[in-house]
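To keep things clear, I will list the structure first and then write my remarks on it.
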Amino acid sequence: MSFFGHRTATRKWEGRDTGSSLVRDRNCLCSEQAFCSIYIFNQRYLKMEADLYDEFGNYIGPELDSDDDEDDVEADDRDLDERDEDDDDEPADADDDAPGMEVVLHEDKKYYPTAEEVYGPEVETIVQEEDTQPLTEPIIKPVKHRRFALMEQELPATVYDMEFLADLMDGPELIRNVTLCGHLHHGKTCFVDCLIEQTHPEIRKRDDVDLRYTDILFTEQERGVGIKSTPVTMVLPDSRGKSYLFNIMDTPGHVNFSDEVTSSMRISDGVVLFIDAAEGVMLNTERLIKHAVQERMAITICINKVDRLIVELKLPPTDAYYKLRHIVDEVNGLLSTYSTDENLVVSPLLGNVCFASSQYSICFTLGSFAKIYSDTYGDINYNEFAKRLWGDIYFNPKTRKFTKKAPSSNSQRSFVEFILEPLYKILSQVVGDVDTSLPRVLDELGIHLTKEELKLNIRPLLRLVCNRFFGEFTGFVDMCVQHVPSPQEGARTKIEHTYTGGLDSDLGEAMAECDPEGPLMCHTTKMYSTEDGVQFHAFGRVLSGTIQAGQPVKVLGENYSLEDEEDSSELGVEQTPWVLIEGCDQPIVKTATITEPRGNEEAQIFRPLKFNTASVIKIAVEPVNPSELPKMLDGLRKVNKSYPSLTTKVEESGEHVILGTGELYLDCVMHDLRKMYSEIDIKVADPVVTFCETVVETSSLKCFAETPNKKNKITMIAEPLEKGLAEDIENEVVQITWNRKKLGEFFQTKYDWDLLAARSIWAFGPDTTGPNILVDDTLPSEVDKALLGSVKDSIVQGFQWGTREGPLCDEPIRNVKFKILDAVIAQEPLHRGGGQVIPTARRVVYSAFLMATPRLMEPYYFVEVQAPADCVSAVYTVLARRRGHVTQDAPIPGSPLYTIKAFIPAIDSFGFETDLRTHTQGQAFALSVFHHWQIVPGDPLDKSIVIRPLEPQPAPHLAREFMIKTRRRKGLSEDVSISKFFDDPMLLELAKQDVVLNYPM
């Protein structure tokens, strides 16, 4: 009953009963009886009056069925009279205090039992006097089930037994861990759908709607693009009928989500690179080839969508062959560019290229197609036949031999004659004459279709016919089995590349052998959120040992080392070579190493992921309702786990910043933050980019700084690094951990450094792969090297601190070499502690930097635009408006489109894709990815430039504008104050040398 209903019931009850609430004594006098009757009459009259109004005081009038009411009133009177007579007859000497007979005022009257009587004396009851709940909310809220992903509730039916799949896990040589990667919409997910349909008889795609089985997030289904990489495990047979266990990772193709591919590659042994036959090698294809080579993966390629050459582009078979060969050649060209291994070649003849059309369930390699001939005609050695099906090889029908020279002018290459022409014929027969000639052709091929199947639409029919003709995807399985190593074969390479410890320990050997009895070592690279978004499961690969449900484990985070064991925690695993682990998500942020809690003390961590792109776009977020800040912080922690390359941090000014790779990426992050993880309204500031600070000249004079106790003095200069060196450090072409000799040789041979400088490199910064170098350029004759060595760590720390946040606007320093020219160090250890030296080293880094013509650097995007020929000029216009410049435009061979390649500053790229679509009526398609850093035009410290609000600045003023606005946003003072970084003696020195500074003192 509602609050109001309760009150109404009470009031009516009171009105009806008050008349009989005065209980009369049986000795009462006649006058009292008379009084009682009057009282009853008054009460009844008042009740009748009250019945004319509702509980809110609104007049509602008398009830209509009045005859019945009168009868009721008369009956009431009769009852009362009879009761009065009964009272008169009763004896008068009864006890006055008989219970229930005393006068009870209506406010003391008890209508309901107390809570104590109902629930018992031990139960605490809380009575809410006032109904504070709004009417819009139900009193008891229904349970709300939140779901953000599609999950199989039961294990789906498969053509193999689940126990068989589990048994295959015991044989590492029968397992293949493969990542499917490729450019956006090159058919990876559809290919997985074909494999799912092959192994799961109950899962079928409906008509022309793609199944997209691995796009499990609702946002992926809505957007039509993969956002997360999804693992699938299935048993697939090869061409000889032998079963293998495939762990397949379906990854997103959008260049913004390449971090998902990185985390998938880390736990795989090989990649299958998907390339659209019509589009060819695209922006992300090239980047993925480079990344796979860096990650030391086995590389195979699948040329997908071959049907487009026939149905869309309508190329003749010979031209289709040229197009396919061009793709293979282009991939090999890229492999030779990025890899030093000359044996790394892809070719259909080697068996590491397969051809497919996921749309029509076609997949074959040269070997599997040759086997179709062998099964049909018998007595053909299909392996030998396959070797003659690619390249400039022709079949001579007269001699029935293969020759390298064409027997006649109109002879076709063997690939065209034996593979493409039959394919063209099947497609054209199904698309063309279904009724008359198709049944005859199908009889020849041994394909039997029912009458209902023959009545299908063209696409489903074509899919059915191709599926029956090509059968299961045995060619793909053969390719992976031959060219992707099993976990046992690939373990050594994988561990050498990813493990920070050595292979020469017992632990290293156990991992290299994939020893299930060895110590537990599991490397997790991804966090999958549960379907309701409440907690996470860690996904990783067990490299040695065995993991079981309920087992206690030790989780080593990315900052763990044998010296500093801070980033480690112990907990229990709740559920289980790829595993999804529940219950250990609390301490893991990005990647982790899971090992045994006791007895495995020498375990070190696996390297954190190294992404092939940088998160340079920055947005600031805050909750609309400030009291909901804790909810937002919890949400930020969760999205940080969910997206591998996302970075979240708090600026000095207190604003919460999210860094991502691009607009789509941050859009997905914000969707998850608002809907999944925090469920609150969040305000987002306009996007900006991260900058870097650099110098373009050598410091104009030696800069020195003294420690606060005046006992130590460090002198430095700054100068730009050689071109390409910063990129080499970042890509780990050169590493600070190398020994002195090897490091010296690298700098001498590649960058012409002198021997002394090359051997006295102290550090790279910030961190071990930062693009700045600290060099000790002091001479033993002038400086006490032993004393300088004693403060080396402190100076390096100051250098790291300084390069992490530069003096212009607290952004990282880049491409600068700092040379220590002189150092006066106190003899007593007490006077040269870290507290004295570290801030001084940082200050001298800053002063040397400011004396070397500082400049700002901004990130540049590489943009690839596909557009029809008539839209090219519009693309140029849009780019020119955003400080972009085109580097190449060329037609895509064998298609009506052009590819335009260009560079555009990241800060001007916001809304670029929308702008481009508007100007080309949606015909142009662009993808952009971070490419390099470039100096912003203009001097950021030029005081003569006046920045007028809300006006676009001319190019020479940009650096100043970016610096001032970034400083304002971070809550710093408007301009760089020199006196913070220069000591008084240094300022006197500047005055002596008459250095003109346009900096404020």
Side-chain angles (χ1 to χ4, degrees), residues 148-152 165 169 175-181 188 192 213-217 220 226-234 245-252 257-271 295 297 487 494 498 520-549 551 553-558 571-595 605-609 611 637-646 672 676-677:
F148 300 98
L150 291 163
M151 291 282 178
E152 290 278 11
L165 181 147
M169 288 182 187
I175 300 176
R176 293 294 180 276
N177 298 325
V178 185
T179 290
L180 308 188
C181 59
K188 301 170 289 296
V192 175
Y213 188 77
T214 49
D215 284 353
I216 55 171
L217 292 175
E220 290 178 322
I227 294 170
K228 299 276 180 220
S229 46
T230 312
V232 187
T233 297
M234 53 184 108
L245 181 71
F246 270 69
N247 291 320
I248 293 173
M249 201 67 152
D250 177 32
T251 61
F257 299 108
S258 61
D259 55 345
E260 294 283 337
V261 186
T262 306
S263 64
S264 304
M265 280 187 185
R266 177 55 73 87
I267 53 172
S268 304
D269 297 300
V271 297
E295 291 288 319
M297 308 295 285
K494 175 66 70 185
T498 61
L520 171 65
M521 285 298 279
C522 174
H523 180 30
T524 69
T525 61
K526 244 191 92 45
M527 303 288 282
Y528 285 103
S529 122
T530 50
E531 59 181 323
D532 55 2
V534 172
Q535 67 181 93
F536 286 87
H537 295 160
F539 183 71
R541 173 172 171 174
V542 179
L543 289 135
S544 74
T546 308
I547 193 163
Q548 290 152 353
Q551 175 179 348
V553 293
K554 186 174 181 183
V555 178
L556 313 179
E558 291 188 349
L571 29 80
V573 175
E574 289 176 23
Q575 204 179 358
T576 187
W578 283 4
V579 288
L580 195 62
I581 306 164
E582 186 184 349
C584 62
D585 58 320
Q586 219 48 47
I588 304 176
V589 182
K590 302 288 188 191
T591 68
T593 305
I594 293 179
T595 181
I605 61 165
F606 291 91
R607 281 194 184 87
L609 298 176
F611 302 109
R637 270 191 289 276
K638 285 180 175 170
V639 286
N640 198 17
K641 290 182 180 204
S642 180
Y643 289 84
S645 72
L646 188 77
D672 286 3
M676 259 173 103
Y677 298 127

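Worth knowing before you read on, the calculation uses all heavy atoms, side chains too, and leaves out hydrogens, waters and symmetry mates. For this chain, numbers begin at 1 and follow the sequence in order.
- Between the side chain of Thr525 and the backbone N or O of Ser263, at least one donor-acceptor pair lies under 3.5 Å.
- Taking the salt bridge (Lys or Arg N to Asp or Glu O under 4.0 Å) definition, one finds that Glu531 meets it with Arg147, sequence neighbours left out.
- Residues Leu580 and Tyr528 share a closest heavy-atom pair of CD1-CD1, 3.9 Å.
- Judged by distance alone, the side chain of Gln535 and the main-chain N or O of Asp585 form no donor-acceptor pair under 3.5 Å.
- With rounding to the nearest 0.5 Å, the separation of CD1 in Ile175 from CZ in Phe246 is 11.0 Å.
- For Phe148, there are no ring-ring contact (aromatic ring centres under 6.0 Å, His included) partners two or more places apart in sequence or in a different chain.
- Among all heavy-atom pairs drawn from Cys181 and Thr251, the shortest one is CA-OG1, 3.4 Å.
- Counting all heavy atoms, side chain and backbone alike, Pro608 lies closest to Thr591 at CA-OG1, 4.0 Å.
- Ring orientation note: the planes of His523 and Phe606 are close to parallel, at an angle under 30° on the 30°/60° scale.
- Note that CD1 of Ile267 is 4.5 Å distant from CE of Met249, once rounded to the nearest 0.5 Å.
- Distance check, rounded to the nearest 0.5 Å: CD1 of Ile588 to NZ of Lys526 gives 12.5 Å.
- Legend: residues meeting ring-ring contact (aromatic ring centres under 6.0 Å, His included) with Tyr643, ordered by chain and number and at least two apart, are Tyr665.
- Contact check for Leu646 versus Lys590: side-chain heavy atoms found under the 4.5 Å cut-off.
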Does the side-chain hydrogen bond (donor to acceptor under 3.5 Å, both in side chains) test come out yes or no for Thr214 and Lys188, once each step is laid out?
CA-CA 10 Å; Thr214 49; Lys188 301 170 289 296; over 6 Å; no
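- How far CD1 of Ile581 is from CD1 of Ile594: 4.0 Å, rounded to the nearest 0.5 Å.
- Between Asp250 and Val232, every side-chain heavy-atom pair lies at or beyond the 4.5 Å cut-off.
- Asp532 and Thr530 get closest at one heavy-atom pair: OD1-OG1, 2.7 Å.
- Side-chain contact between Pro644 and Glu260: present, with at least one pair of heavy atoms (C-beta onward) separated by less than 4.5 Å.
- Minimum interatomic distance between Met521 and Thr593 (heavy atoms only, all atoms of both residues): CE-CG2, 3.8 Å.
- Side-chain contact between Lys641 and Tyr677: absent, with no pair of heavy atoms (C-beta onward) separated by less than 4.5 Å.
- Shown here for Glu220 and Ile227, the closest heavy-atom pair between the two residues is OE2-N, 2.8 Å.
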Using the side chain to side chain contact (heavy atoms under 4.5 Å, CB included) rule, take Gln551 and Leu520 through it: C-alpha gap first, then chi angles, then the decisive distance, then the call.
CA-CA 11 Å; Gln551 175 179 348; Leu520 171 65; 3.6 Å; yes
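- Between Ser268 and the choices Arg176, Arg541, Met297, the side chain to side chain contact (heavy atoms under 4.5 Å, CB included) rule is met once, by Met297.
- Phe536 CZ to Thr524 OG1: the interatomic distance, rounded to the nearest 0.5 Å, is 13.0 Å.
- Atom OG1 of Thr230 sits about 6.5 Å away from atom CG of Asp215, to the nearest 0.5 Å.
- Residues Pro231 and Asn247 form no side-chain contact, since every pair of their non-hydrogen atoms from C-beta on lies 4.5 Å or further apart.
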Quick one: do Ser229 and Ser264 satisfy side-chain hydrogen bond (donor to acceptor under 3.5 Å, both in side chains)? Show the steps, please.
CA-CA 7 Å; Ser229 46; Ser264 304; 3.3 Å; yes
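- Between Leu609 and Arg266 the shortest side-chain heavy-atom distance falls below 4.5 Å.
- Formation of a donor-acceptor pair under 3.5 Å by the Lys228 side chain with backbone atoms of Ser642 is found in this model.
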